[in-house]
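Okay, structure first, notes after.
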Number of protein chains: 2
Amino acid sequence: MVKKKETITIYDVAREAGVSMATVSRVVNGNPNVKPATRKKVLDVIRELGYRPNAVARGLASKKTTTVGVVIPDISNPFYAELARGIEDIATMYHYNIILSNSDLRKEKELQCIETLLEKQVDGLLFLGGEITDAHREIFHAANVPIVLAATRDEKRELASVTIDQIQAAKEATSVLIHEGHQKIAYIGGPLTDSVNGYPRYLGYKEALTEHGIPFDEKLVRLGNYRYRSGYEAMQELLTAEEPVTAVFAASDEMAAGGIHAAQDLGRRIPEDLSIIGFENIPLAAQVRPLLSTVGVPMYDIGAVAMRLLTKYMNDEHVETGQVTLQYSIELRDSTRLKEWEETK
Amino acid sequence: MVKKKETITIYDVAREAGVSMATVSRVVNGNPNVKPATRKKVLDVIRELGYRPNAVARGLASKKTTTVGVVIPDISNPFYAELARGIEDIATMYHYNIILSNSDLRKEKELQCIETLLEKQVDGLLFLGGEITDAHREIFHAANVPIVLAATRDEKRELASVTIDQIQAAKEATSVLIHEGHQKIAYIGGPLTDSVNGYPRYLGYKEALTEHGIPFDEKLVRLGNYRYRSGYEAMQELLTAEEPVTAVFAASDEMAAGGIHAAQDLGRRIPEDLSIIGFENIPLAAQVRPLLSTVGVPMYDIGAVAMRLLTKYMNDEHVETGQVTLQYSIELRDSTRLKEWEETK
DNA sequence: CTGTTAGCGCATTCAT
DNA sequence: ATGAATGCGCTAACAG
């Protein structure tokens, strides 16, 4: 399998083409200061010899690897996978490659990934989804490369980031339910200890209630782990408890889908008996019946914009603001009754 | 953002610790030939100075990058995302990093990705999902690194690969429907020009029919692109055509889910009026109602085993067989009526 | 426009 | 157990 072929270098090309290695280097790098005839000759020899530039050597000499590191919670999660796709597309566009590391949102592993990525001399770093602690800030500040956060932000506002306003989004989702006339609105969310997604969405829910004079009722809150199963179970609990519920805001589409099915299994019709709205707008939202109304989070764009922002930093281009907040949308489909929505954004 | 800190090298550590750089190198690489006292001193200085080994320099000197390239069709596709997760987990376990490139199954882009990855001096290459042409074989053979295919195989059997027997799997899925007593079994698949997934699954469907003496009817075949939407449309056509249909084998879960909903929208009950079986067993299969019966493809394992196999090649370990065929399973749930299945595998 | 000369930061002989 | 020397393959001044 492994054939030890003698690696052919820039030097071989130079000798064969009767020029210096500097000239070959210029040709390879598209430096215009080469006579067309010379260029052609070098190019011919390159093809003939099957020369392939060694990016590692180039990286060592130039101190640029055209590689960026991406620390991602879990690539098998549709939400982050879509984000990763946005990142990769833009990276490719700017001729960067991506080193991917799954962190599983575990702080220990996150820091470990970052450390390894920095050893590999990435030109920049994209950090997705996790909470930013002082340990993160420390290593980020010590790093010699630009960092951009995506789908998370630095509470201390020291780091560049691309996100949406989660509190506002959650508030608006809840408001949809309120405007439908519901008073008994339950919340199915993630852990409140999750300061990136869990807590802000919970906060938005509460704020919406408060703003509309609806009393907050702790008994209408169920916490899961964003996955389908936990949404199913939460809904089951909610509907079998004595407290009546006529609408539910679920902090993730998977939970919402689980909720829909649990409700249906209990004989509830959606949206006639119960309105449900989700969060994220992953493909699943359009693959359940009824079609799930949800908060549209521009996952692909968050990734794309974050990567684009990173390229600017890597090129020392001017950046007006490192804290980018993208717009979310309210996708009204069939799991709610309201068909139009125009809210203050 | 970008701070130009003077990079501290192995040489700085050596000077500060009063040893030679060779010794520092030994310490960093865990070479046992270092006196404990010396080792401790060096380690202390390393911590003190915040020295971080430069993997690029190391790669140039050692000709190993501890990085493997992964060419993947589309990371935002749940099927491949799960595969990628399997790869990354095993890679991490063996201290490799992953450079990910999306190919979108476009041959041009695939070859481009491979070329770039080889320039980056990856220690190995994982190629996912695409068809292997002579152009691929050529570049693979010219590469100096081991290659393993995952979720695809080389028809000429020259390359190592990890897959399942798709024809057999499709045949078995179809057989489930036949054993339920169906005669009018439709097929919703991908393009027949897709020799990796599209054609084999189609073939398995046909073979099952033939084997059971059921005439193949071209009018019961609809081709889509594996996605939900195309499954929905295909089913709609199937059920509104004059040809009666009582069961459907869909070559992907997304199409199957789309099919379920199309059927339901047309008033069909599943599985009472119509049985449906899918392929892949992505999470969605357990997130639709009725729960989708399907062929369980061990995506994570395919990735994990492929990566493990690659590590063996990279270490020049002995490998019995490079052509690994993993077992699939038949997941009987609620979109079919049969509740038990024991077939020749 | 082209060649010469230095490193980039480290692993790795080869000595000692 | 440790140090000195060499070079991995290439870019980047600096000459000319």
Side-chain angles (χ1 to χ4, degrees), chain A residues 4-43 45-46 49-67 95 118-123 144-145, chain B residues 4-43 45-46 49-67 116 118-123 144-145:
Chain A
K4 272 288 157 274
K5 300 256 286 293
E6 72 306 341
T7 59
I8 100 110
T9 77
I10 202 173
Y11 189 72
D12 300 317
V13 176
R15 186 168 21 73
E16 197 70 20
V19 299
S20 75
M21 52 184 293
T23 298
V24 178
S25 176
R26 289 189 184 97
V27 171
V28 171
N29 291 295
N31 185 316
N33 284 19
V34 180
K35 188 161 54 176
T38 316
R39 177 187 308 282
K40 180 178 182 334
K41 174 152 200 178
V42 171
L43 252 18
V45 174
I46 285 180
L49 264 45
Y51 166 71
R52 172 183 298 136
N54 181 326
V56 171
R58 184 184 298 195
L60 184 58
S62 69
K63 292 172 171 298
K64 286 190 195 317
T65 54
T66 61
T67 302
H95 302 290
L118 291 177
E119 285 185 8
K120 298 246 168 168
Q121 310 300 119
V122 294
D123 294 338
N144 274 316
V145 299
Chain B
K4 272 286 157 274
K5 300 257 287 295
E6 73 304 339
T7 59
I8 100 111
T9 78
I10 202 173
Y11 188 74
D12 300 317
V13 175
R15 186 168 21 71
E16 197 70 19
V19 299
S20 74
M21 53 181 293
T23 298
V24 178
S25 176
R26 290 190 184 96
V27 171
V28 170
N29 292 294
N31 185 315
N33 283 19
V34 180
K35 189 161 53 177
T38 316
R39 177 188 308 283
K40 179 178 182 336
K41 174 151 201 178
V42 171
L43 252 18
V45 174
I46 284 179
L49 263 45
Y51 166 71
R52 172 182 298 137
N54 180 327
V56 172
R58 183 182 300 194
L60 185 58
S62 69
K63 294 175 170 295
K64 288 193 194 313
T65 55
T66 62
T67 302
T116 303
L118 292 177
E119 285 185 6
K120 298 246 170 168
Q121 311 300 118
V122 293
D123 294 338
N144 275 314
V145 300

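Each chain gets a letter, A, B and so on, in the order its sequence line appears, and its residues count up from 1.
Toward the 5' end of DNA chain D, the nearer of the two residues B:Ser20 and A:Met21, judged by each one's closest nucleotide, is B:Ser20. For the pair A:Val24 and B:Ala61, both in contact range of DNA chain D, the more 5′-proximal nearest nucleotide belongs to B:Ala61.
The interatomic distance linking A:Ile46 (CD1) with D:dG9 (C1') rounds to 14 Å, in whole Å. Whole-Å rounding puts the B:Asn31 CG to C:dT12 P distance at 10 Å. The interatomic distance linking B:Arg15 (CZ) with D:dT2 (P) rounds to 19 Å, in whole Å. The distance between atom CD of B:Gln121 and atom C1' of D:dC8, rounded to the nearest whole Å, is 11 Å. Atom CG in A:Leu60 sits about 12 Å away from atom P in D:dA12, given to the nearest Å. Rounded to whole Å, atom P of C:dC10 lies 10 Å from atom CD of A:Glu119. In this structure, B:Asn29 places its CG atom 11 Å from C1' of C:dT12, rounding to the nearest Å. One interatomic measurement links the two molecules: NZ of B:Lys120 to C1' of D:dC8, which rounds to 18 Å at whole-angstrom precision.
Nucleic acid contact for B:Asn54: sugar-phosphate only, since backbone atoms but no base atoms lie under 4.0 Å from a heavy atom of the residue. Within 4.0 Å of A:Val19, counting heavy atoms only, lie sugar-phosphate atoms of the nucleic acid but no base atom.
B:Thr23 has a side-chain polar atom (N or O) that falls below the 4.0 Å cut-off from OP1 or OP2 of D:dG3. Taking only side-chain nitrogens and oxygens, A:Tyr11 never comes nearer than 4.0 Å to OP1 or OP2 of C:dG3. Between A:Arg58 and D:dT11 there is a side-chain polar atom (N or O) within less than 4.0 angstrom of OP1 or OP2. Note on B:Asn33: every side-chain N or O is 4.0 Å or more away from OP1 and OP2 of D:dT2. Listed pair B:Ser62 / C:dT12 fails the phosphate criterion, with no side-chain N or O lying under 4.0 Å from OP1 or OP2.
Remark: the backbone N or O of B:Lys64 is not paired with any side-chain donor or acceptor of B:Asp123 at under 3.5 angstrom. Judged by distance alone, the side chain of A:Ser62 and the main-chain N or O of A:Arg58 form a donor-acceptor pair under 3.5 Å. Listed for the B:Asn29 side chain is no donor-acceptor partner under 3.5 Å among the backbone atoms of B:Asn31. No side-chain donor-acceptor contact under 3.5 Å links A:Thr38 to the backbone of A:Val34.
Distances were taken from every side-chain heavy atom of A:Ile10 (C-beta onward) to each of D:dT11, C:dG3, D:dG3; the shortest belongs to D:dT11. Of the candidate nucleotides D:dG9, D:dA1, C:dT4, D:dA1 has the atom nearest to the side chain of B:Lys35. With distances taken from any side-chain atom of A:Lys63 to the nucleotides D:dG9, C:dG9, D:dA1, the minimum falls on C:dG9. Residue B:Thr7 has its side chain nearest to C:dG9 when only C:dG3, C:dG9, C:dT2 are considered.
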Would you check, one step at a time, whether the test side chain to side chain contact (heavy atoms under 4.5 Å, CB included) holds for A:Thr65 with A:Lys120? CA-CA 9 Å; A:Thr65 54; A:Lys120 298 246 168 168; over 6 Å; no
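Contact record, B:Tyr51 with B:Thr9: CE1-C, 3.6 Å, taken as the closest heavy-atom pair.
With hydrogens and angles ignored, a donor-acceptor pair closer than 3.5 Å exists between the side chain of B:Arg26 and the base of D:dG3.
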